[in-house]
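Side chains are part of it too, since the values below use all heavy atoms of this structure and drop only hydrogens, waters and symmetry mates. For clarity, every value in this text was computed on a predicted model and none was experimentally measured.
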There are 2 protein chains.
Amino acid sequence: MRIGELAARAGTTTRTLRYYESRGLLPARRGSNGYRTYDEHDLRLLEQIRTLQDFGFELEETRPFVECLRAGHPEGDLCPASLAVYRRKLGELDALIGELQAVRAQVGTQLAKAEQAREELAAGAEVPGGPEPVCELGGRTR
Amino acid sequence: MRIGELAARAGTTTRTLRYYESRGLLPARRGSNGYRTYDEHDLRLLEQIRTLQDFGFELEETRPFVECLRAGHPEGDLCPASLAVYRRKLGELDALIGELQAVRAQVGTQLAKAEQAREELAAGAEVPGGPEPVCELGGRTR
DNA sequence: GTAATCCTTGACGCCGACGTCAAGGCAAAC
DNA sequence: GTTTGCCTTGACGTCGGCGTCAAGGATTAC
């Protein structure tokens, strides 16, 4: 099959396939007219790449999986190099998730504090002779 | 103070300050020699920006906080626009964390499956007459 | 005075994974 | 035969937040 069909069957674009080829990840045979030619096995490799990309793997990180498949293994993750990528990725994910959770907690705390402060200002404003309203009025309170 | 001192006090670089000014986020007064001039209040604004940046906020998302401070409020997050950013960010963080946890689970499952498959292959190999070894040997098993 | 340090603007570089155009060749349908 | 559609390579654009020169003016230290 040619590049357009492979791209369509894998749900990607021809540009992406040419990019993968330029990176040496998915080289193509060429027909007599210079057109790229692919087979079902290439589709398999491409699906492996796309799956990992969807997981957020960098393109280079998919290389061991592709090479594993190309070596004839039934799955791309049966080779040690692929397993190593999995493990490294798990560590990175855990670290990232932890950081994001910490940020989430901080932002949540800040939001709660700010809302609390605004409520107190609003309550004070309801009291005759209380403090001036603050936001969106252009006035400085101090 | 001049740009170098402000950068040093905020733990950032002069390039960053010029970038913020180019974005209209932190404009500077100019001395008679054309040098940028900043005061303590600018340091406060800059610290607000940096804190949010460290949280992973985009630069544009820090603008409401800076404007809130510039409007004279004691904290950058006391204005409605800032609170809206907080809330939107919380939603984005929750969504992102959820996605990453889903990916983490998938990768973990894949890793476990692949390790299991390799163990079975290894065990089979120990049996005389069992299947051929697979990885790193260049041989096709099927 | 002069060397070292600071400041100015302008502009290109970076990173990753492509998108998007341009100019032209080959092919298949009618 | 000609229109339509697929293919080719090449090359610039995208996004964010700056880093890193380069060329030159101002200031400060000695």
Side-chain angles (χ1 to χ4, degrees), chain A residues 1-39 42 45-66 85 88-89 92-93 96 100 103, chain B residues 1-39 42 45-66 85 88-89 92-93 96 99 103:
Chain A
M1 85 192 91
R2 297 183 304 189
I3 193 171
E5 185 182 346
L6 178 59
R9 289 181 63 182
T12 183
T13 68
T14 60
R15 179 69 182 91
T16 295
L17 297 189
R18 294 196 189 96
Y19 178 65
Y20 291 171
E21 182 172 7
S22 79
R23 305 278 85 194
L25 199 60
L26 191 64
R29 279 116 284 165
R30 298 300 181 114
S32 57
N33 51 12
Y35 286 11
R36 289 172 178 82
T37 304
Y38 302 91
D39 57 22
D42 291 315
L45 302 184
L46 181 51
E47 286 170 346
Q48 174 76 79
I49 297 171
R50 291 268 101 196
T51 297
L52 296 176
Q53 285 272 86
D54 289 344
F55 283 169
F57 283 45
E58 290 176 13
L59 205 49
E60 271 310 307
E61 294 178 320
T62 72
R63 196 179 294 274
F65 296 81
V66 176
V85 174
R88 184 158 49 79
K89 211 64 192 177
E92 289 174 10
L93 281 168
L96 181 54
L100 289 177
V103 168
Chain B
M1 85 192 92
R2 297 184 305 188
I3 193 169
E5 186 182 345
L6 177 59
R9 288 181 63 183
T12 182
T13 68
T14 60
R15 179 68 182 91
T16 295
L17 298 189
R18 294 196 189 97
Y19 178 65
Y20 290 170
E21 182 172 7
S22 78
R23 305 278 85 194
L25 200 60
L26 192 64
R29 281 115 283 167
R30 298 299 182 114
S32 57
N33 52 12
Y35 285 12
R36 291 172 177 83
T37 304
Y38 302 90
D39 58 21
D42 291 315
L45 301 184
L46 181 52
E47 286 169 346
Q48 175 75 79
I49 297 172
R50 289 269 102 197
T51 298
L52 296 176
Q53 285 271 87
D54 289 344
F55 282 169
F57 284 44
E58 292 177 12
L59 207 48
E60 272 311 308
E61 295 179 320
T62 72
R63 196 180 294 273
F65 297 80
V66 176
V85 173
R88 182 159 50 79
K89 211 65 191 175
E92 291 174 11
L93 282 168
L96 181 55
E99 287 172 21
V103 168

Can you check whether [X] has a side-chain N or O nearer than 4.0 Å to OP1 or OP2 of [N]?
| X | N | result |
| --- | --- | --- |
| Gln53(B) | dC18(D) | yes |
| Arg15(A) | dG13(D) | no |
| Arg50(B) | dC18(D) | yes |
| Arg36(B) | dC7(C) | no |
| Arg18(A) | dT8(D) | yes |
| Asn33(A) | dA27(C) | yes |
| Thr14(A) | dC18(C) | no |
| Thr13(A) | dG19(C) | yes |

Using a cut-off of 4.0 Å on non-hydrogen atoms, how would the nucleic acid contact of Arg23(B) be classed: base, sugar-phosphate, or nothing?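 No contact.
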
[N] [atom2] sits how many Å from [X] [atom1], rounded?
| X | N | atom1 | atom2 | value |
| --- | --- | --- | --- | --- |
| Leu17(A) | dA17(C) | CG | C1' | 13 Å |
| Tyr20(B) | dC18(D) | OH | C1' | 9 Å |
| Ile3(B) | dC18(D) | CD1 | P | 13 Å |
| Tyr19(B) | dT20(D) | OH | C1' | 16 Å |
| Arg9(A) | dC6(D) | CZ | P | 17 Å |
| Glu21(A) | dG10(D) | CD | P | 12 Å |
| Phe55(A) | dG16(C) | CZ | P | 21 Å |
| Glu60(B) | dC15(D) | CD | C1' | 14 Å |

Electrostatic pair [X]-[Y], nearest N-O below 4.0 angstrom:
| X | Y | answer |
| --- | --- | --- |
| Lys89(A) | Glu92(A) | yes |
| Arg63(A) | Glu60(A) | yes |
| Arg9(B) | Asp42(B) | no |
| Glu21(B) | Arg30(B) | yes |

With hydrogens left out and only the distance checked, is there a donor-acceptor pair under 3.5 Å joining Tyr35(B)'s side chain and the base of dG25(D)?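 A donor-acceptor contact between them is present.
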
Below 4.5 Å, heavy atoms only, C-beta onward: do Leu59(A) and Tyr20(A) meet side chain to side chain? yes

Here's a test of your reading of the structure: between Ser32(A) and Thr16(A), which maps to the more 5' nucleotide of DNA chain C?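 Taking each residue's closest nucleotide, the earlier one in sequence belongs to Thr16(A).
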
First of Leu59(B) and Arg2(B) reached from the 5' end of DNA chain D, by closest nucleotide: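 Taking each residue's closest nucleotide, the earlier one in sequence belongs to Leu59(B).
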
